[in-house]
A.B. asks: 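Okay, here's the structure, questions in a sec.
Not measured: the values here are computed from a predicted model.
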Amino acid sequence: MAVQWSRVAPYIEAGLANEGRIERSGIVDKAYDDAADDDVVDAIDGLGSRIFMTVEEAKQFLLSTGLVEE
């Protein structure tokens, strides 16, 4: 089930701010620590092993997979 981008964005933005890039491992750990719901964690998991350098790149990828919606 697709989740609203606004629910995933804070984790993506924090990952970029903390690491200088966006990758699943650090972001999904933070989501688990925050007890994010399964839909948010599933969307973050969808990043897989890809590394993104901007929030917009990650957003567009997740939108294209159907894991998030506007």
A.B. asks: Considering non-hydrogen atoms only, spot the tightest contact between L62 and G46 and give its length.
C.D. replies: CD2-C, 4.3 Å
A.B. asks: Side chain to side chain contact (heavy atoms under 4.5 Å, CB included) with V28: which of V41, D42, L47, V40?
C.D. replies: V41
A.B. asks: What closest approach, in Å, do A36 and Y11 show between heavy atoms, and which atom pair accounts for it?
C.D. replies: CB-OH, 3.7 Å
A.B. asks: Is the shortest heavy-atom distance from the side chain of F52 to the side chain of R21 under 4.5 Å?
C.D. replies: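 A side-chain contact under 4.5 Å is absent here.
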A.B. asks: Which atom pair, heavy atoms only, marks the closest approach of A43 to V68?
C.D. replies: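 The pair with the smallest heavy-atom distance is CB-CG1, 3.9 Å.
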A.B. asks: Please tell me if the side chains of K30 and D34 come closer than 4.5 Å, counting only heavy atoms from C-beta onward.
C.D. replies: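 Result yes, sub-4.5 Å side-chain heavy-atom pair found.
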A.B. asks: State the CD1-CD distance between I12 and E57, to the nearest 0.5 angstrom.
C.D. replies: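 If I round to the nearest 0.5 Å, the distance is 12.0 Å.
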A.B. asks: Identify the heavy atoms of I44 and R24 that sit nearest to each other, and give their distance.
C.D. replies: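 Looking at all heavy atoms of both residues, the shortest contact is O-CG, 3.7 Å.
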A.B. asks: Looking at side-chain heavy atoms only, is the closest gap between E23 and R50 below 4.5 Å?
C.D. replies: no
A.B. asks: At their closest point, which heavy atom of G66 faces which heavy atom of A2, and how far apart are they?
C.D. replies: O-CB, 3.3 Å
A.B. asks: Going by side-chain heavy atoms closer than 4.5 Å, which hydrophobic residues are tied to M53, directly or by a chain of links?
C.D. replies: I51
A.B. asks: Rounded to the nearest 0.5 Å, how far does CD of E13 lie from OG1 of T54?
C.D. replies: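 Answer for the OG1-CD pair, T54 versus E13, is 11.5 Å.
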A.B. asks: Rounded to the nearest 0.5 Å, what separation is found between the CD1 atom of I22 and the CZ atom of F61?
C.D. replies: 12.0 Å
A.B. asks: Less than 4.5 Å apart, any side-chain heavy atom of K59 and any of E70?
C.D. replies: yes
